[in-house]
Amino acid sequence: MSKKDAYTRDEDSRFTLRINTEILEAIKEEAQKNKRSTGKQIEFILENWLSQDTHSK
């Protein structure tokens, strides 16, 4: 049995984030346009950023 809560899949991790309110509101608007939750929109943004070559050393 997983040590995580009932709402978190085994392949996911919970993470608390403090974020500027204006940034969060902009993300919420984008999430609504894309029919995603705010959390999934943040995940989408991070995945896209990580897939770019700019984070390479």
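Values below: every heavy atom of this structure, side chains too, minus hydrogens, waters and symmetry copies. The shown structure was predicted, so the numbers you read here are calculated from the model rather than taken from an experiment.
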Quick check for you: to the nearest 0.5 Å, what is the distance between Ile27 atom CD1 and Ser37 atom OG? 11.5 Å
Would Ile19 and Phe44 show up in the same hydrophobic cluster when neighbours are defined by side-chain heavy atoms closer than 4.5 Å? no
Between atom OH of Tyr7 and atom CG of Asp12, what is the distance when rounded to the nearest 0.5 Å? 15.5 Å
Nearest 0.5 angstrom please: Gln41 CD to Leu46 CG, how far? 10.5 Å
Indicate if Leu17 and Trp49 have the same hydrophobic cluster label, given that clusters are the connected sets of ILVMFWY residues with side-chain heavy-atom separations under 4.5 angstrom. no
Working to the nearest 0.5 angstrom, can you tell me the gap between Lys40 NZ and Thr38 OG1? 12.5 Å
Would you compute the distance between atom CZ of Arg36 and atom CD1 of Ile45 and round it to the nearest 0.5 angstrom? 8.5 Å
For the residue pair Thr8 / Asp5, report whether a side-chain donor-acceptor contact shorter than 3.5 Å exists. yes
